[in-house]
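Data first, discussion second: the structure below is written as structure tokens.
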Protein chains: 2
Amino acid sequence: MPINPVDPRPPSQQIADDVRAEIEAGRIPSGGRLPSTSELAARYGVTRETIRQAIARLKSAGIVSSRQGSGVFARPRPAMKRLGINRYAKSLWRDTGIVAFAADREASSRTWSPGDQTQTVSEVAADPQVAEAFGVEPGTRMYERARLVAEQGVPTHTLTSYYRPSDVEGTRLVDAAPGPAGRGGGFAVLTEQGLEPHEIQEDLTARMPTPREVQTLRLPPGEPIVELHRTTYTADGRVIEFARGVHSASHFTWSYKFKIPE
Amino acid sequence: MPINPVDPRPPSQQIADDVRAEIEAGRIPSGGRLPSTSELAARYGVTRETIRQAIARLKSAGIVSSRQGSGVFARPRPAMKRLGINRYAKSLWRDTGIVAFAADREASSRTWSPGDQTQTVSEVAADPQVAEAFGVEPGTRMYERARLVAEQGVPTHTLTSYYRPSDVEGTRLVDAAPGPAGRGGGFAVLTEQGLEPHEIQEDLTARMPTPREVQTLRLPPGEPIVELHRTTYTADGRVIEFARGVHSASHFTWSYKFKIPE
DNA sequence: TAGTGGTCTAGACCACTTC
DNA sequence: AAGTGGTCTAGACCACTAA
């Protein structure tokens with residue numbers, strides 16, 4: 001469809017909408033390459049720069065991504081992993097040594113290698129959020145366990161857990177060894193310490209990523225993130241873990257099923 | 001900070017990062033106006049067009065928004081409304097006639113006027129998602145109740161519910177009257193029909209909005225949306241409502257608390 | 001090496017807001 | 001009327017990829 005000079009939308013917007021329609025109609029397949037910017041410029045009778053503006057709009061919308069020297073491609077939608085509360089089921093980590101982390105992988109029937117997770121443990125001062133979760137003063141020393149989780153080499157999310165030093169000191173949780181908390185997972189370790197997880201609160205919010213998050217998760221333009229806050233309690237209401245996750249939005253769905261309260 | 005020619009980041013990126021830092025440090029207050037593009041151009045020794053590129057980056061990141069003829073402004077972060085499962089509590093709609101919808105408003109201690117919600121009811125053919133939720137054939141006739149919810153005149157989300165015609169035919173739910181389902185809310189009506197809601201499943205996913213969603217929710221550039229799917233069951237497992245919500249991400253946090261399953 | 005996307009400039013015109 | 005952001009052009013150069 002050529003440019004319509006009567007159309008109130010500027011040419012770059014018309015072109016963007018046009019290309020978007022091509023993609024959504026499947027005429028440009030998912031993952032397929034768009035015509036080169038020069039060709040589009042000739043086709044629509046505008047400058048290459050105008051085409052770039054149109055492409056820029058589509059990038060912000062998460063529709064396409066570009067590789068310099070190679071082309072502009074319709075962004076394929078990755079398979080979504082569904083995160084339900086059963087990923088925390090006690091049977092998964094109580095005796096078996098399987099952990100929620102690995103259970104997620106198995107549920108999605110994709111191969112998993114331990115190298116998909118990198119982990120660093122350090123002692124840090126509690127920021128206000130962490131402090132509030134534990135009910136301590138900001139600045140209190142805490143253990144921080146930061147993980148970057150990848151799927152087939154593609155980073156999908158970060159997950160940073162905080163623990164009271166007195167709860168985890170001397171356990172394998174605070175070893176710097178990579179993998180799911182040494183072995184057995186954080187919940188198993190806490191259980192061994194007499195602090196069995198019993199209840200979880202999860203808070204979710206979505207936003208655009210910071211430049212730093214773009215870098216560590218290698219996010220394409222137009223990819224939002226979901227920030228997850230997880231607070232874990234024992235049966236008597238004691239907070240034993242607070243975790244912050246940053247998830248590449250297009251890889252996940254969260255699913256909760258609950259009885260309607262009185 | 002002037003442009004650094006050795007820096008690998010292109011000038012427009014350096015400027016964007018620079019301005020972002022100004023905002024995050026509070027030197028440009030939330031809601032405040034940035035210097036004009038001409039002034040920034042002079043300050044950094046680049047063209048206005050380059051400044052526009054820098055601003056474009058910040059817009060995609062949801063950091064600023066611009067009003068033609070007026071200026072570019074640091075986007076204020078709206079107060080977040082926390083959505084917990086108590087917004088569905090039976091006590092809120094069973095006898096009182098208050099509905100989850102209105103209860104949300106009260107919990108957030110903001111004034112609410114019925115005009116904040118517009119509603120249209122129609123009969124439609126089930127799309128695949130709706131069909132799957134109810135376990136019927138795609139194309140089956142269903143009632144659709146579409147609502148656009150606003151907060152102080154600002155649209156915050158849409159919510160479109162689907163019902164089996166046999167469940168709601170002849171009730172005030174299918175009146176085209178505006179407001180929360182006439183009066184009493186959808187859950188109250190279903191209860192009167194002998195179909196008391198008992199369990200809910202919510203699925204959440206975040207993504208960038210479609211052009212259509214941008215229009216109806218009047219979303220600024222760089223604002224992601226959260227798509228919420230809600231399926232409501234009776235005590236014997238019958239699906240009585242399926243709803244799809246599209247929420248402007250920066251207005252909401254979802255909060256779930258649950259016991260860790262065995 | 002040829003082709004791709006990424007960036008920038010200098011200048012122009014337009015649409016909108018504010019005074 | 002003056003100032004603001006929005007868009008487009010024509011041309012140039014650069015960085016990267018693939019043959």
Side-chain angles (χ1 to χ4, degrees), chain A residues 2-19 23 28 31-61 63-75 211 214 218 220-222, chain B residues 2-19 23 28 31-61 63-75 211 214 218 220-222:
Chain A
I3 297 296
N4 175 356
V6 206
D7 197 311
R9 291 129 73 218
S12 66
Q13 182 66 62
Q14 290 184 45
I15 295 167
D17 291 348
D18 221 38
V19 173
I23 292 171
I28 297 171
R33 220 196 80 177
L34 275 58
S36 77
T37 51
S38 321
E39 182 180 336
L40 287 174
R43 186 182 298 181
Y44 286 103
V46 296
T47 315
R48 244 188 85 231
E49 191 62 22
T50 304
I51 297 297
R52 271 213 352 134
Q53 296 281 1
I55 301 287
R57 294 176 193 266
L58 297 175
K59 280 200 256 190
S60 304
I63 301 289
V64 304
S65 61
S66 56
R67 290 198 297 275
Q68 197 169 6
S70 178
V72 181
F73 302 84
R75 258 182 67 184
V214 167
R218 276 185 280 172
Chain B
I3 297 296
N4 175 358
V6 207
D7 197 312
R9 291 129 74 219
S12 65
Q13 182 66 62
Q14 290 185 46
I15 296 166
D17 292 348
D18 220 40
V19 172
I23 293 171
I28 297 172
R33 221 197 79 179
L34 275 58
S36 77
T37 52
S38 322
E39 182 180 335
L40 288 173
R43 186 182 299 182
Y44 286 102
V46 297
T47 315
R48 244 187 84 230
E49 190 63 22
T50 304
I51 296 297
R52 273 214 349 139
Q53 295 282 1
I55 301 288
R57 293 177 194 266
L58 296 176
K59 280 201 253 188
S60 304
I63 301 290
V64 304
S65 60
S66 56
R67 290 199 296 274
Q68 197 168 7
S70 177
V72 180
F73 302 84
R75 256 182 69 186
V214 167
R218 274 183 282 176

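For the numbers below, each heavy atom of this structure counts, side chains included, while hydrogens, waters and symmetry mates do not. So that the names make sense, note that chain A is the first sequence line, chain B the second, and so on, each numbered from 1.
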Notebook entry, point to check: B:Pro10 side chain: which of D:dG5, C:dT7, D:dT7 is closest?
Noted result: C:dT7
Next item on the list: Assign B:Ser36 to base, sugar-phosphate, or nothing according to its heavy-atom contacts below 4.0 angstrom with the strands shown.
Entry: sugar-phosphate
Next item on the list: Report the nucleotide, chosen from C:dA15, D:dT9, C:dG5, that has the shortest atom-to-atom distance to any side-chain atom of B:Gln68.
Entry: C:dA15
Note to self: Could you tell me how far apart B:Gln14 (CD) and C:dG6 (P) are, to the nearest whole angstrom?
What the structure shows: 18 Å
Note to self: Counting only heavy atoms not in B:Arg218 (residues, nucleotides, ligands), do more than 12 fall under 6.0 Å from its CZ?
What the structure shows: no
Next item on the list: Compute whether any side-chain donor of one residue and acceptor of the other, for A:Thr37 and A:Arg48, lie under 3.5 angstrom apart.
Entry: yes
Notebook entry, point to check: Which value, rounded to the nearest 0.5 Å, describes the distance between B:Ser12 atom OG and B:Arg57 atom CZ?
Noted result: 3.5 Å
Next item on the list: Take atom CD of B:Glu49 and atom P of C:dC13, then tell me their distance rounded to the nearest Å.
Entry: 16 Å
Checklist line | Proximal nucleotide (of C:dT9, C:dG5, D:dT4) relative to the A:Val72 side chain | finding: C:dG5
Margin query: If you go through the side-chain atoms of B:Arg67, does one of them form a donor-acceptor pair with the base of D:dG5 closer than 3.5 Å?
Written below: no
Check: Quick one: B:Gln13 CD to D:dA15 C1', roughly how many Å, whole number?
Finding: 16 Å
Check: Do the side-chain N or O atoms of A:Ser12 get closer than 4.0 angstrom to the phosphate oxygens (OP1, OP2) of D:dC8?
Finding: yes
Next item on the list: Name the residue closer to the 5' end of DNA chain D, choosing between B:Thr37 and A:Thr50 according to the nucleotide with the nearest heavy atom.
Entry: B:Thr37
Check: Taking the side chain of A:Ser70 as heavy atoms from C-beta outward, which of D:dT9, D:dT17, C:dA10 is closest to it?
Finding: D:dT17
Check: Could you give the CZ-to-C1' distance, from B:Arg57 to D:dG5, as a whole number of Å?
Finding: 18 Å
Notebook entry, point to check: Any side-chain donor-acceptor pair under 3.5 Å between B:Ser66 and B:Lys59?
Noted result: yes
Item checked: Rounded interatomic separation in angstrom, taking CG from B:Leu40 and P from C:dC8 -> 14 Å
Next item on the list: Enter the distance from B:Ile55:CD1 to B:Ile63:CD1 here, rounded to the nearest 0.5 Å.
Entry: 11.5 Å
Margin query: If you only use heavy atoms from C-beta on, which nucleotide in D:dT9, D:dG6, D:dT7 is closest to the side chain of B:Ser66?
Written below: D:dG6
Check: Where the side chain of A:Lys59 is concerned, which of D:dG6, C:dC8, C:dG6 is the nearest nucleotide?
Finding: C:dG6
Check: Checking side-chain contact (heavy atoms from CB on, under 4.5 Å) for the pair A:Gln14/A:Asp17: CA distance, chi angles, key distance, verdict?
Finding: CA-CA 5 Å; A:Gln14 290 184 45; A:Asp17 291 348; 5.9 Å; no
Margin query: Output the rounded distance in Å from OH (B:Tyr44) to C1' (C:dT7).
Written below: 18 Å
Item checked: Proximal nucleotide (of D:dT7, C:dG6, D:dT4) relative to the A:Pro11 side chain -> D:dT7
Note to self: Measuring to OP1 and OP2 of C:dT7, would you say a side-chain N or O of A:Arg52 lies under 4.0 angstrom away?
What the structure shows: yes
Check: Is there a donor and acceptor pair, one atom on the side chain of A:Gln53 and one on the base of D:dC8, closer than 3.5 Å?
Finding: no
Notebook entry, point to check: In whole Å, what is the span from the CD1 atom of B:Ile55 to the P atom of C:dC8?
Noted result: 13 Å
Notebook entry, point to check: Rounded to whole angstrom units, what separation is found between the CG atom of B:Leu58 and the P atom of D:dG6?
Noted result: 12 Å
Item checked: Nucleotide of C:dT7, D:dG6, D:dT4 approaching A:Arg48 most closely (side-chain heavy atoms) -> C:dT7
